[in-house]
Amino acid sequence: MIEELRWRGLLADATEHAAAALSVGQVAGYVGFDPTASSLHVGSLVPIMGLVHLQRAGHCPIALVGGGTGLIGDPSGKTRERALLDRLTMEENAEGIRRQLASFLDFEAASNPARMANNLDWLDGLGLVDFLRDVGKHFSVNAMLRKESVKRRLEDEEAGISFTEFSYQLLQAYDFLELSRRHGCTLQMGGSDQWGNITAGIDLVRRMGGPQCHGVVFPLLVTARGLKFGKSEAAETVWLDPERTSPYRFYQFWLNSEDADVVRYLKLFTLLDRDEVDDLAEAVRTAPHRREAQRRLAAEVTRTVHGADGLDAALRASRILFGGSPRGLSSAEIEDVFADVPSTALARSRLEGPGAELAVVMAEAGMASSRSEARRLIRDGGVYVNGERVSATDGTLTTEDLLDGRFVVARIGKKRHFVLDAR
RNA sequence: GGUGGGGUACCGAAGCGGCCAACCGGGGCAGACUGUAAAUCUGCUGGCUCAAGCCUACGUAGGUUCGAAUCCUACCCCCACCA
């Protein structure tokens, strides 16, 4: 399993005996997820894949939702009522995360089912005195102060560090202890920035008389250009929740991967085997314009997250939006394909007779921030109506331009689509 | 509290009486090439009935002037040094 992670680029570091433990018997291992949002995003995919590989290797994956640590994450003073509300939200978020994880992990497997855990279950009833006595005494403040993350904050007079944040590593270590007691968990995985917290947990379990535990950390992902991974072209977070990021946008996000990144992504985010990845890598070299690797990557990940139907919809929309002309489509098809393209209502009466000036309509529909900008875009050749480039700055839209008597499909550049609905 | 420096478009940064809607760089957008990549190159990047023209803009409010981002006055805010 460690070897598999290494080949896929998922391994940044592991504790000394982790590989041995994983190759001998069945291990229960966990990853913590932040429940401050109700959905995971593509940035969470690395740890998720870590759990997937764990389960595929016959081990038991545990997804820990940090409900308790999430509650104290923000130390600004809150009323009791507010905290209760937050707790409810937190539980909803945890449920949302579980649903998304179910696309990746098998919660029904006979021998090694995936499990969810919420640290609220043990942090909630935890007494401060007990905690300090049983857990706190195993932590050396001297060692905690040496941590890089803490040190940086101490040196920064401005920012400083609150006691709450300082204690965070104790709580995370305590999670490991509880999981080892409750679920026999002996492995924690996480981002490489979690290394210190993970080893702190391993130490705690040992000092409390528990079993030898292990840690595996994943590399932090950056794009070939050194940018943070996980933002769309519009710099929006790409979520796994179809309500937040449609399957079409999700698919497009992956399809737009650069050549320099795509092979790495195939290894990280799909379960394709070495031969398949090698073939696709070869395709990137010999026929990059066909973007086979990108297509495969996008298809695989989209199918896993959004199912076959989600992938179909994304493919259908992609073909029409980037393939040919939208002419000839029925209203129903347009509504379907352009489902998550910004749509603006347009009074039909304005298109009758001489029609309405395109630049004016563009400004109103939010396609351009002003009429001036709209005219500039047209002048520079960046505006397309129903798939055809517009050449006249003073061009108009008339009822002639309506597809199926109802829609105008407009585009700026290659990727920014808009629908005008003259119902 | 004193002295000095400074506040310019999304950001950085020139300009220091008319040639300034404001050099230049970054960012953003569009175009070309290509592959819905990357790199590169080109153009655009205040508004208006955009061709001329007009309007609004250079911390805020006044003033001088035919004419101000540029000079004067007051005020606000930043930064540095001194106390």
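Letters go in sequence order (proteins before strands), and every chain restarts at 1.
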A/Asp259 CG - B/A39 P separation (whole Å)
12 Å
Nearest-Å distance, CZ (A/Arg264) to C1' (B/A38)?
14 Å
Reckon A/Ser318 touches a base, only the sugar-phosphate, or nothing at all at heavy-atom distances under 4.0 Å?
base
Under 3.5 Å, which protein N or O atoms sit close to an N or O of nucleotides 43-45 of chain B? Give each pair with its distance.
none

Inter-nucleotide P distance (B/A68, B/C33), Å rounded
48 Å
Roughly how far apart, to the nearest Å, are B/C75 and B/C29 at atom P?
45 Å
B/A69 and B/A57: how far apart are their C1' atoms, nearest whole angstrom?
10 Å
Check every strand shown and say whether A/Tyr251 touches a base, only sugar-phosphate, or nothing at a heavy-atom separation below 4.0 Å.
nothing
Side chains of A/Trp195 and A/Asp13 in contact at under 4.5 Å (non-hydrogen atoms):
yes
What distance, rounded to whole Å, do you find between the two P atoms, one in B/G4 and one in B/C10?
33 Å
Are the aromatic rings of A/Tyr248 and A/Phe338 close, with centres under 6.0 Å apart?
no
Pairwise side-chain contact, A/Phe107 with A/Arg115, heavy-atom cut-off 4.5 Å (strictly under):
no
Applying ring pair (Phe, Tyr, Trp, His ring centres under 6.0 Å) to A/Phe176 and not counting sequence neighbours gives A/Tyr30
Quick one about A/Gln194 and A/Gln188 (side-chain donor to acceptor, distance below 3.5 Å, no hydrogens or angles considered), yes or no?
no
Begin from the C-alpha positions of A/Ser331 and A/Asp404 and carry the test side chain to side chain donor-acceptor pair (under 3.5 Å) through to its verdict.
CA-CA 6 Å; A/Ser331 289; A/Asp404 199 24; 2.8 Å; yes
Under 4.0 Å from any atom of RNA chain B, heavy atoms only: list the residues of residues 298-317 of chain A that qualify, in numerical order.
none
Can you confirm whether A/Leu120 sits close enough to A/Val65 that some side-chain heavy atom of one is under 4.5 Å from a side-chain heavy atom of the other?
no
Suppose you measure atom P in B/G12 against the same atom in B/U64; what distance do you get, rounded to whole Å?
34 Å
What is the distance from CH2 of A/Trp254 to C1' of B/A37, rounded to the nearest Å?
16 Å
Considering the options A/Leu297, A/Leu266, A/Asp278, which one meets the side chain to side chain contact (heavy atoms under 4.5 Å, CB included) requirement together with A/Leu272?
A/Leu266
Pick base, sugar-phosphate or nothing for A/Arg411, based on heavy-atom distances below 4.0 Å to the nucleic acid.
nothing
Are A/Met189 and A/Leu51 side-chain neighbours, meaning at least one heavy-atom pair lies under 4.5 Å?
yes
For RNA chain B, whose closest nucleotide is more 5', that of A/Lys415 or that of A/Gly382?
A/Gly382
Do side-chain atoms of A/Arg274 reach the backbone of A/Trp7 as a donor and acceptor pair under 3.5 angstrom?
no
Do A/Glu178 and A/Tyr174 meet the criterion of a side-chain donor-acceptor pair at a distance under 3.5 Å?
yes
Tell me the stems RNA chain B sits in, counting at least three consecutive Watson-Crick or G-U wobble pairs, each under 3.5 Å on both distances.
B:1-7 with B:76-82, B:10-12 with B:24-26, B:27-32 with B:40-45, B:46-48 with B:53-55, B:59-63 with B:71-75
Same-atom distance (C1') from B/U45 to B/G26, integer angstrom:
13 Å
Testing the 3.5 Å rule here: is there a donor-acceptor pair between the side chains of A/Asn197 and A/Gln169?
no
Which residues in residues 280-293 of chain A have a heavy atom closer than 4.0 Å to any atom of RNA chain B?
A/Pro288, A/His289, A/Arg291
Round to a whole Å and report the spacing from CD1 of A/Ile378 to P of B/G31.
13 Å
Please confirm whether the shortest side-chain N or O distance from A/Lys414 to OP1 or OP2 of B/C33 is below 4.0 Å.
no
Contact residues, residues 363-375 of chain A to RNA chain B [heavy atom, < 4.0 Å]:
A/Ser370, A/Arg371, A/Ser372, A/Arg375
Can you check the distance between B/A9 and B/A80, where both ends of the measurement are the C1' atom (answer in whole Å)?
27 Å
Looking at the side chain of A/Arg389, which of B/U36, B/A32, B/A30 is the nearest nucleotide?
B/A32
Determine the Euclidean distance between corresponding P atoms of B/U60 and B/G1; express it in Å to zero decimal places.
25 Å
Within the 6.0 Å centroid threshold, strictly below: A/Trp239 and A/Phe250
no
Just the rounded figure in Å: distance from C1' of B/U36 to CZ of A/Phe250.
18 Å
Does A/Tyr384 make a side-chain N or O approach to OP1 or OP2 of B/G31 shorter than 4.0 Å?
yes
Can you see whether A/Thr398 engages A/Glu352 through a side-chain donor-acceptor pair at a distance of less than 3.5 angstrom?
no
Heavy-atom side-chain proximity of A/Val419 to A/Thr344 below 4.5 angstrom:
no
Just wondering, do A/Met49 and A/Leu268 contact through their side chains at under 4.5 Å, heavy atoms?
no
Any heavy-atom pair between the side chains of A/Arg406 and A/Arg348 that's under 4.5 Å?
no
Could you check whether A/Leu377 gets within reach of a base, just the sugar-phosphate, or nothing at all, counting any heavy atom under 4.0 Å?
sugar-phosphate
What nucleic acid atoms does A/Leu321 come within less than 4.0 Å of, heavy atoms only: base, sugar-phosphate, or nothing?
nothing
Atom CD in A/Glu4, atom CG in A/Leu22: separation rounded to 0.5 Å?
12.5 Å
A/Glu258 CD to B/U34 C1': how many Å, rounded?
14 Å
